[in-house]
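So you know, we letter chains A, B, ... as the sequences are listed, proteins then strands, and number each from 1. These numbers come from the heavy atoms of this one structure, side chains and all, not from hydrogens, waters or symmetry mates. These numbers were taken from a predicted model, which means no experiment stands behind them.
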Amino acid sequence: MMSPVSFAIERWTSASRLTAALSAALLAVLVILPLFASGLVVDKATTLFVYVLLAVMWNLLAGYAGLVSVGQQAFFGIGAYFALRLVDFGVPPYMALVVGPLGAGLVGAALSVFALRLKGGEFAIAMWVIAEALRIAVMFDPAVQGETGTSLLALNAFDPELRRNLTYWLGLGGLTAMLVATFLLLRSKIGAAAQAIRDDEEAAGSIGIDVMRIKQIIFVLAAVGCALAGTVWLASAITFQPRTSFGVQWTVFMLFMVLVGGLGTFEGPIVGAVIFFLLQEIFGDFSVWYLAGLGFVAIAFALFLPEGIAGWIQNRSEVRLFVTGRKLRINPQ
Amino acid sequence: MAADMASSSPLLQGVGIDKSFGAFQVLKAVDFHAARGEAIGIVGPNGAGKTTLFGVLAGAFPPTAGTVRLYGDDITDMSATARCRRGIARTHQVPRPFLGMSVFENVLAAANHGAGLAGGTAEALAVETLERTALLHLANRPAAALGLLDRKRLELARALATRPQVILLDEIGGGLTEVELHLLTDLIGTLKGDGMTIVWIEHILHALLRIIDRLVCMNAGEVIADGEPVAVMADPHVMRAYLGSGVE
């Protein structure tokens with residue numbers, strides 16, 4: 001008989017502990033930012049939170065579970081729509097903006113039963129079709145007034161500065177909650193199973209991984225996250241137009257941020273979102289040329305740096321800021 | 001042992017298995033059974049339907065006709081995932097590691113999901129399995145960085161970490177050097193010693209004959225011989241179909 005090996009599992013490194021501590025410090029600064037920063041900075045930061053949240057959710061789907069969706073705008077839009085309707089039913093607006101995404105999660109759970117039966121490109125396109133179908137369905141609601149859309153007028157009752165800050169905190173709180181949830185999920189055995197499915201779905205099934213259930217968990221979490229981004233967007237824009245909220249451009253942005261930042265890395269979508277945000281700040285005024293430029297950047301990354309910025313760094317460094325895997329350390333006998 | 005086999009229902013059984021892909025019939029009324037603790041070899045020329053039979057037994061796809069039973073229970077409609085959790089493990093002819101994960105993470109996923117273990121118990125099983133399959137020193141290596149022998153070991157380690165009753169090995173010796181094959185065959189021998197039921201598809205007969213109690217020969221989707229290994233090898237049908245084709 002073999003003597004049992006004495007071992008330890010390493011889940012934190014000095015770098016990842018430091019990152020966690022710095023993240024907590026950054027969070028503390030961000031929480032009090034509205035107390036000393038200008039309204040413009042607060043508005044811009046809220047936009048950045050929306051981008052980071054969207055990128056992290058798309059990366060969770062495609063980078064960790066192999067679910068490439070071009071229809072995540074379905075949840076961005078339906079979350080905002082649910083929030084609007086909840087306010088119509090008398091729910092306080094900021095509560096509605098939180099509960100709306102949970103409703104989108106239920107829609108995600110129902111859709112997952114059908115959508116996740118499809119694979120690869122079929123799933124990607126089906127998600128786009130679902131997003132369009134939901135947009136059209138929402139336009140039939142008289143309250144939305146078809147193409148015209150509607151507004152979350154209840155927010156006008158708030159003092160503009162208070163409204164700006166509440167929306168900022170909603171964005172920050174939502175982003176923090178989803179980042180922590182994603183991190184914990186990826187570190188759990190569900191996260192490992194999702195990556196196994198991404199790498200080889202049939203082999204994952206053959207070692208006892210419940211492929212459908214794992215995909216559903218990831219899909220629903222990503223639905224809630226994208227919907228949360230949608231309600232934060234609604235709270236800062238106030239107007240709701242189906243063509244904007246359910247627009248495919250949201251998925252294009254997500255794709256851009258994740259490809260540039262690094263698919264399948266925890267850091268990648270955050271890096272990508274910051275870059276996308278800066279590009280938009282600097283070149284956003286050039287409208288059409290700006291969009292063409294984004295396209296060229298995306299093509300350049302796909303061709304020359306397919307692993308993205310974070311992926312490129314990780315291929316050259318052992319240091320990981322966010323450790324989701326497990327390292328085995330054998331203790332000497 | 002023979003009396004034991006006769007008295008209880010087989011651990012794994014396929015009855016009247018037909019399998020067609022489109023108009024092409026790969027399996028024709030195949031009957032297969034494995035008793036608890038038995039080690040069975042399956043040989044046959046390429047295209048005989050051996051791997052397809054594994055696919056049907058492990059639940060990768062349903063048979064066109066026929067029944068699969070585990071301990072006498074009909075599992076024909078059961079998914080591969082559920083069958084794995086009930087104790088059927090398989091390795092693939094071409095190893096299918098999870099390339100984005102480390103060797104340890106590959107095996108731990110099997111212990112978590114296939115054996116249904118959590119936390120330290122799962123980790124201990126994964127470590128024990130890695131040690132047994134001589135992969136412990138590569139535990140933190142990305143699976144993508146492994147060579148063929150280690151990929152085959154990982155394929156076996158992952159299957160073992162699901163704690164199977166029966167393991168289906170699909171040409172696990174193919175492509176290895178003589179020394180590597182010897183090491184792997186020794187390992188499979190220890191599994192047999194532990195009482196695990198083994199079904200092994202292999203072209204390399206001398207490795208197979210070191211382990212197996214019974215040999216099944218397939219040709220063109222049918223079982224053409226089934227019995228004591230030396231007798232099966234001497235069967236004129238087998239010699240014509242298999243040995244006559246110039247392999248080994």
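For B:A109, the parts sitting under 4.5 Å from any heavy atom of chain A are the backbone and the side chain alike. Contacts between B:A124 and chain A at a heavy-atom distance below 4.5 Å involve backbone atoms as well as side-chain atoms. Both the backbone and the side chain of B:N112 come within contact range of chain A, judged by heavy atoms closer than 4.5 Å. Only the side chain of A:I330 comes within contact range of chain B, judged by heavy atoms closer than 4.5 Å. A:I9 touches chain B through its side chain: at least one heavy atom from C-beta onward sits under 4.5 Å away, while N, CA, C and O do not. Residue B:A89 does not touch chain A at all, counting heavy-atom pairs closer than 4.5 Å.
Across every non-hydrogen atom of A:G208 and B:C84, the tightest pair is N-SG, 3.3 Å. Taking all atoms of both residues into account, the shortest heavy-atom contact from B:H113 to A:A193 is NE2-CB, 3.4 Å. Smallest separation of non-hydrogen atoms from B:A60 and A:E202: CB-OE2, 3.7 Å. The two residues A:I207 and B:R158 come nearest to each other via the heavy atoms CG2-NE, 3.9 Å.
With hydrogens and angles ignored, the 3.5 Å screen pairs no side-chain donor or acceptor of A:D200 with any backbone N or O of B:F98. A side-chain donor-acceptor contact under 3.5 Å links B:E105 to the backbone of A:R326. At distances below 3.5 Å, at least one donor-acceptor pair connects side-chain atoms of A:D199 with backbone N or O atoms of B:G100.
Ranked by heavy-atom pairs under 4.5 Å with chain B, the list A:G325, A:G264, A:G205 is led by A:G205. For the options B:R86, B:E123, B:H92, heavy-atom pairs under 4.5 Å to chain A are most numerous at B:E123.
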**Study point:** Derivation of the side chain to side chain contact (heavy atoms under 4.5 Å, CB included) call for A:K189 and B:L108
**Key:** CA-CA 9 Å; A:K189 63 181 191 178; B:L108 184 63; over 6 Å; no
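More than 12 heavy atoms of other residues, nucleotides or ligands lie within 6.0 Å of CZ in B:R85, so this atom counts as buried by the packing criterion. Enclosure of atom CZ in B:R141 is not indicated, since only 12 or fewer non-hydrogen atoms of other residues, nucleotides or ligands lie within 6.0 angstrom. In the displayed structure, A:R213 atom CZ is contacted under 6.0 Å by at most 12 heavy atoms of other residues, nucleotides or ligands. Under a cut-off of 6.0 angstrom, the local environment of CZ in A:F114 is sparse, with at most 12 non-hydrogen atoms contributed by other residues, nucleotides or ligands.
Counting heavy atoms from C-beta outward, B:L136 and A:L328 have side chains that approach closer than 4.5 Å.
For the atom pair B:L99 CG and A:Q195 CD, the distance stands at 12.5 Å (nearest 0.5 Å).
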